[in-house]
Amino acid sequence: MVGRANRIHGKLYLAANRSEPIIKTLNMNIPSVDEIIGQNDQIAARRASLEAIAALVGNVYPNKFVRSRVSGGEDTITAVKNSDPVASAEAEMAEIKAGLAEGERPPADRKEAINERLRGVGTVRIAGRLTTPTRGNFVHLTDGIAKLQVYANKKGPLALIKNDGAETTVEDGGWALWQLLDHGDFIGVEGYLFMTNTGEVSVHIEKLQFLAKAMLPMPDKMHGIADPELRRRYRYADLIASSLQVEHDGLTTREVFERRAKLIAGMRRYLDDHGYIEVETPMLTPKATGAAAKPFETHHNALDITLYARIAPELYLKRLVVGGFEKVYELNRNFRNEGLSQRHNPEFTMLEFYCAYMDVEGMMDLCEQMMQESVMKATGGLVVEYEQNRIDFSKFERISMRDAILRYKPDADINDRTMIGLFDEFVEPNLIQPTFIVDFPKSISPLSKANPADTSIAERFELFINGMEIANGFSELNDPKEQYERFADQMKQREGGDEEAMVLDEDYIRALSYGMPPAAGIGIGIDRLVMLLTNKHSIRDVILFPHMRPERAQAPEEHETIEKS
RNA sequence: GGUCCGAUAGCUCAGUCGGUAGAGCAAAUGGCUUUUAACCAUUGGGUCGAAGGUUCGAGUCCUUCUCGGAUCACCA
């Protein structure tokens, strides 16, 4: 411990003499240099606790703790908390207490009957993080999902599990360890279940083992981490705060990402069940194409070529349709070298899928059905509250871009050039409920088939919800000659200064020349959909580790070298 | 990049008209040991984001800078 501290001290000594710490603390429980070298009283106290625990138990970072089985499964805190004996005991106690006056104790015989049943469960072995400060003899442990109260009795038999090398031995003295524990430490306990007077099932600890130390103070249990930057930058601490927090509005950070996982699982399930095959196409590509966006550039040393992080998997997936994958999807990241905003992260997750022999109408039907099923799986319903709106996924409107503009701006002068501008300004913010906008101008849809009835219009749709573009799909252009001409047109715009016009991909033209069946495809922005389902207003709140400015020192010397953007 | 708002104890925040730096929680010490958001008592903890200016005196007023948030423009 001392050696480690000295090393840190030596390494950072120069920085410590500057006016500012090299690790920016920003009002958070993250150590500055002073704190790392031990001048912060709270960290110093934890170090002292660690050393005292080491003297007591030996190895303070043991390699494992085997959680026994209560009813077939592993004894996680969640499993115990949700098990039938615990749930029914708490329900019965709640019923008893409902019939009692304020402060009145439950009848001893009824409580004893409950305890009798709880003892029948036998010994439980659970492990977790201490979520409440260790005053008194009750604390809560959490596995990140559920909390379970544990109880240590000073007088009762309370054994200490020591961790000496590979050996674990059991001795008296658990109370001595109990008194050294800090908020946030990990412990494992063995004991029996009992009912407290206040109606909470707890574990009466018979054996106590120390499992890991929290050297930094835990985030505030009432407020969590309030600063959005710190929540995103120190996501691990934010997630801990999720499990500690007593009161919160809406979903905790953990719940947001659980919901995200459910949505994605629901979409995979839907596509797998409908005969789609999941594929992975290159993320590092020689051409950044398939969408209108600026790419990230990198360099492959051995080949000595420039590669681009993909901006869309579209053209690769359609090559697979050419190759005979009639139903294919990819669910992964795309990268666009553009500004950051509430709705834009440099890397974002998109689901793209393609279905042979289908057109744009069929794709809209499919999109609607898939979204409904996966929204239902993620949230348990089809209506979500977002800001002041109630968004109803049970019906998706379809309206042409022209009609939508006329609805909100009846006197609009609509032509190919003005259409998109009018749409963005007057229509988009009004599209709160799920709405498919159809009949896009062909000129801005270079990969899309034209409508046979009106060749100036593309068979393309975009799905809008709460004023955000969520999905984009079309009948895929499969005429190689026309596709070549559309690319050529894009390249002309590019030369005219439009950096985001699409790049010609000759190999894709070759692929189409082998023949691609009629097909429809779609891309769905997963992050934005998650925002809607979790009532989050920033994309950074639905991405675990969103991109941030690098954390750095504020030392004056370094300011001069920082690029002004 | 433009505009607006913000930065005070480890955390969440007060700080009036410019006049000795505050609370709750967290921490330490002692007490208590079936508690329920955070048991009771005591104690420690601050270069008020940085630099400069006005003033007898600046957390407070002015300028510049840093960092963050909101918003606008491009983008999914």
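Below, chains carry the letters A, B, ... as their sequence lines are ordered, and counting in each starts from 1. All values reported here derive from a predicted model rather than from experimental measurement.
- Rounded to an integer number of Å, the gap from NE2 of H344(A) to P of C74(B) is 10 Å.
- When the salt bridge (Lys or Arg N to Asp or Glu O under 4.0 Å) test is applied to R129(A), no partner is found at least two apart in sequence or on another chain.
- The structure places CG of L366(A) at 4.5 Å from CZ of F353(A), a figure rounded to the nearest 0.5 Å.
- Taking atom C1' on both G46(B) and G10(B), the two are 12 Å apart, rounded to the nearest angstrom.
- Comparing A28(B), A70(B), U33(B) against the side chain of D182(A) picks out A28(B) as the nearest.
- Closest to the side chain of K111(A), out of U33(B), U34(B), C67(B), is U34(B).
- D498(A) comes within contact range of no nucleotide atom at all, as no heavy-atom separation falls under 4.0 Å.
- Among the protein residues, R343(A) comes within range of the nucleic acid bases, having at least one heavy atom under 4.0 Å from a base atom.
- The CD atom of E428(A) sits 10 Å away from the P atom of C74(B) (whole-angstrom rounding).
- Nucleotides U63(B) and A58(B) place their C1' atoms 15 Å apart, quoted to the nearest Å.
- Counting only heavy atoms from C-beta on, Y151(A) has its side chain closest to U34(B) among A28(B), U34(B), G68(B).
- Taking the six-membered ring for Trp and thresholds of 30 and 60 degrees, F423(A) and F440(A) have ring planes inclined between 30 and 60 degrees apart.
- Across G69(B), U35(B), A28(B), the shortest atom-to-atom separation from the side chain of T196(A) is found for U35(B).
- Distance E229(A) CD to G68(B) P: 5 Å, rounded to the nearest Å.
- Side-chain proximity of Q342(A) to U35(B), A27(B), U71(B): nearest is U71(B).
- The nearest whole Å value for the distance from the NE2 atom in H537(A) to the C1' atom in U71(B) is 15 Å.
- Taking only distance into account, the side chain of Q149(A) meets the base of U35(B) through a donor-acceptor pair shorter than 3.5 Å.
- Side-chain atoms of S341(A) lie closest to C74(B) of the nucleotides C74(B), A27(B), U33(B).
- The aromatic rings of F138(A) and F194(A) sit tilted, their planes meeting at an angle between 30° and 60°.
- The line from NE2 of H547(A) to CD1 of I539(A) is 11.0 Å long, rounded to the nearest 0.5 Å.
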Any N/O pairs under 3.5 Å between the protein and nucleotides 42-44 of chain B? List them or say none.
from: G44(B); atom 1: N2; to: D41(A); atom 2: OD2; distance (Å): 3.0

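- When the P atom of A27(B) is taken as reference, atom CE of M218(A) falls 11 Å away, rounded to whole Å.
- The distance between atom CG of D424(A) and atom P of C74(B), rounded to the nearest whole Å, is 8 Å.
- In this structure, of C75(B), U34(B), G68(B), it is G68(B) that holds the atom nearest to the side chain of R233(A).
- Residue N337(A) contributes atom CG, which lies 18 Å from atom P of C74(B) at whole-angstrom precision.
- Using a 4.5 Å heavy-atom cutoff, the side chains of I437(A) and L463(A) are not in contact.
- On the P atoms, A23(B) is 24 Å away from G18(B), given to the nearest whole Å.
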What pattern of brackets, bars and dots sums up RNA chain B from 5' to 3', given Watson-Crick or G-U wobble pairs under 3.5 Å, [ ] for crossing pairs and | for another strand? (((((((..((((.....[..)))).(((((.......))))).....(((((..]....))))))))))))....
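- The side chain of S202(A) sits closest to U35(B) out of A28(B), U33(B), U35(B).
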